[in-house]
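What follows is a single structure, written as structure tokens, with notes after it.
Within every chain, numbering begins at 1; the chains are lettered A, B, ... in the order of the sequence lines, protein sequences first and strands thereafter.
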Protein chains: 2
Amino acid sequence: MATGHTDPQRRERIIAATLDLIAEEGIASVSHRKIAARAAVPLGSMTYHFSGMDELLRDAFTRFADHIVAVFDAHLAAPADRDQARQAVADLVHVLSEGSQRDLVLTQELYTLAARRPVYRELTHEWMGRSRTHLEKHFDPDTARQLDALIEGLTLHRALDNEPHDRALTLEAITRITTPGR
Amino acid sequence: MATGHTDPQRRERIIAATLDLIAEEGIASVSHRKIAARAAVPLGSMTYHFSGMDELLRDAFTRFADHIVAVFDAHLAAPADRDQARQAVADLVHVLSEGSQRDLVLTQELYTLAARRPVYRELTHEWMGRSRTHLEKHFDPDTARQLDALIEGLTLHRALDNEPHDRALTLEAITRITTPGR
DNA sequence: TCGGCATGCGTACGATCGTACACTCGACGT
DNA sequence: ACGTCGAGTGTACGATCGTACGCATGCCGA
């Protein structure tokens with residue numbers, strides 16, 4: 001049965017369902033059928049809207065990367081001086097590490113893909129680049145780079161840790177990395 | 001056909017083949033059959049040596065975690081003072097990030113599993129704990145914790161970066177994080 | 001009014017999967 | 001010499017997979 005006209009919602013719903021499913025069960029166990037069921041679309045829609053599994057995954061992670069970039073933007077665009085920037089970075093780390101399990105898992109899945117396939121690496125480059133650009137408004141390029149890496153490490157460790165470190169430690173680390181050595 | 005006696009090599013070969021396969025194609029596309037073919041063992045051996053896919057993966061990643069712990073030990077056990085420790089950490093970051101693609105990918109796969117399943121998180125805890133213990137020989141616990149996170153971030157960013165930062169930047173970051181703020 | 005066509009769907013096919021299980025065969029005790 | 005036993009294997013089964021493709025449906029130009 002055809003509705004006669006394009007339903008622009010379809011494509012979006014499929015992508016959203018894909019990300020949800022990956023977050024819950026892992027890339028290893030996604031399938032056209034499971035996604036279709038979750039998005040409440042017929043199986044045939046899968047191959048109609050996406051040329052294959054690969055395209056679907058690329059589109060899904062592209063959308064996810066956009067989402068993360070938005071989170072970075074939201075936190076890092078506002079601060080007016082170095083000190084506010086430090087606070088903002090600390091906030092970011094804590095939001096990322098104790099925010100939705102979903103984003104955490106999806107980030108890891110994306111990194112895993114990025115470690116193997118250049119197509120996905122480009123997605124991570126975009127957001128690393130954007131992040132650095134924000135940081136460079138308040139710190140010199142080298143410092144921005146180091147701080148960016150620190151954000152990554154702090155977020156991951158905090159997320160995986162059984163006894164996550166508190167905000168004071170996060171801020172101390174940020175302060176140290178943004179203070180040139182003697 | 002039975003050889004009549006246990007072949008202790010079998011199990012190891014299967015695990016090694018599993019890790020190789022995961023590194024090359026990702027967890028999403030491992031299968032008993034592919035592993036068996038690569039390890040040159042009959043399909044039946046899979047279910048004989050391992051109760052199922054889950055056990056196989058757990059054993060494989062346990063072995064991998066041991067391997068990574070060994071790398072950390074090799075680098076972090078030797079240094080005698082803070083300055084040597086800083087150099088050693090810089091070495092470690094560069095070895096990890098430009099060493100085998102295999103280890104890099106497997107690390108990401110493990111983190112991805114860890115983000116979702118506690119069983120795997122324990123594996124990462126073990127090595128994070130071991131790493132911190134080493135670092136605490138030269139730095140106070142809080143600093144060790146921050147440094148540990150920095151190692152993670154620097155390694156990942158360096159690995160994914162198109163234009164990886166040089167050793168000087170790594171060392172500068174390490175120096176800053178290990179220098180208490182004012 | 002009505003034929004053609006784009007949109008979207010149902011279904012079927014061949015491949016591949018994990019796993020169970022009956023079986024072989026060599027080693028060893030007697 | 002030979003029966004027994006357990007380590008190890010080949011194969012078959014049911015489930016699930018991705019994808020192709022013929023067809024239903026309703027809109028639009030003539």
Problem set entry | Nucleotide of D:dA12, C:dA12, C:dC21 approaching B:Thr47 most closely (side-chain heavy atoms) | C:dC21
Exercise. Between A:Arg13 (CZ) and C:dG8 (P), how many Å, whole number?
Worked result: 13 Å
Exercise. If you check the B:Lys34 side chain, which of C:dG8, C:dA12, C:dC17 turns out closest?
Worked result: C:dC17
Exercise. Taking the side chain from B:Ser131 and the backbone from B:Trp127, do they hold a donor-acceptor pair closer than 3.5 Å?
Worked result: no
For this session: Could you check which of C:dA12, D:dG10, D:dT11 has an atom nearest any side-chain atom of B:Leu43?
Result: D:dT11
For this session: Kindly compute the distance separating OG1 (A:Thr170) from CZ (A:Arg158), expressed to the nearest 0.5 Å.
Result: 6.0 Å
Problem set entry | Rounded interatomic separation in angstrom, taking CD1 from B:Ile35 and C1' from C:dT19 | 14 Å
For this session: Name all residues meeting the salt bridge (charged side-chain N to carboxylate O under 4.0 Å, His left out) criterion together with A:Arg33; count only those two or more places apart in sequence or in a different chain, and write none if there are none.
Result: none
Problem set entry | Ion pair A:Arg117/A:Asp54, N-O distance below 4.0 Å | yes
Exercise. So, are B:Arg132 and B:Asp142 salt-bridged, with charged N and O less than 4.0 Å apart?
Worked result: no
For this session: Using only side-chain N and O atoms of B:Arg10, determine if any of them is under 4.0 Å from OP1 or OP2 of D:dT9.
Result: yes
Problem set entry | Qualifying residues under side-chain contact (heavy atoms from CB on, under 4.5 Å), relative to B:Arg116, sequence neighbours excluded | A:Val105, A:Glu109, B:Thr112
Problem set entry | Residues B:Asp140, B:Arg145: salt bridge by 4.0 Å N-O rule | no
For this session: Could you pull out all residues at least two apart from B:Asp59 that satisfy side-chain contact (heavy atoms from CB on, under 4.5 Å)?
Result: B:Arg11, B:Ile15, B:Phe50, B:Glu55
Exercise. Which residues satisfy the side-chain contact (heavy atoms from CB on, under 4.5 Å) test with A:Glu24, sequence neighbours excluded?
Worked result: A:Arg38
Exercise. In whole Å, what is the span from the CZ atom of B:Arg33 to the P atom of D:dG10?
Worked result: 13 Å
For this session: Mind calculating the distance between CE (B:Met46) and P (D:dG10) to the nearest angstrom?
Result: 12 Å
Exercise. In residues 50-58 of chain B, which ones come under 4.0 Å of DNA chain C, going by heavy atoms?
Worked result: B:Gly52, B:Met53
Exercise. Taking only N and O in the side chain of A:Ser45, is any of them less than 4.0 Å away from OP1 or OP2 of C:dG8?
Worked result: no
Problem set entry | Close approaches to DNA chain D from residues 15-32 of chain A, in residue order (heavy atom, under 4.0 Å) | A:Val30, A:Ser31, A:His32
Problem set entry | Interatomic distance where OH belongs to A:Tyr48 and C1' belongs to D:dC23 [whole Å] | 15 Å
Seminar exercise, completed: Rounded to whole Å, the CZ-P distance (B:Arg11 to D:dG8) equals 12 Å
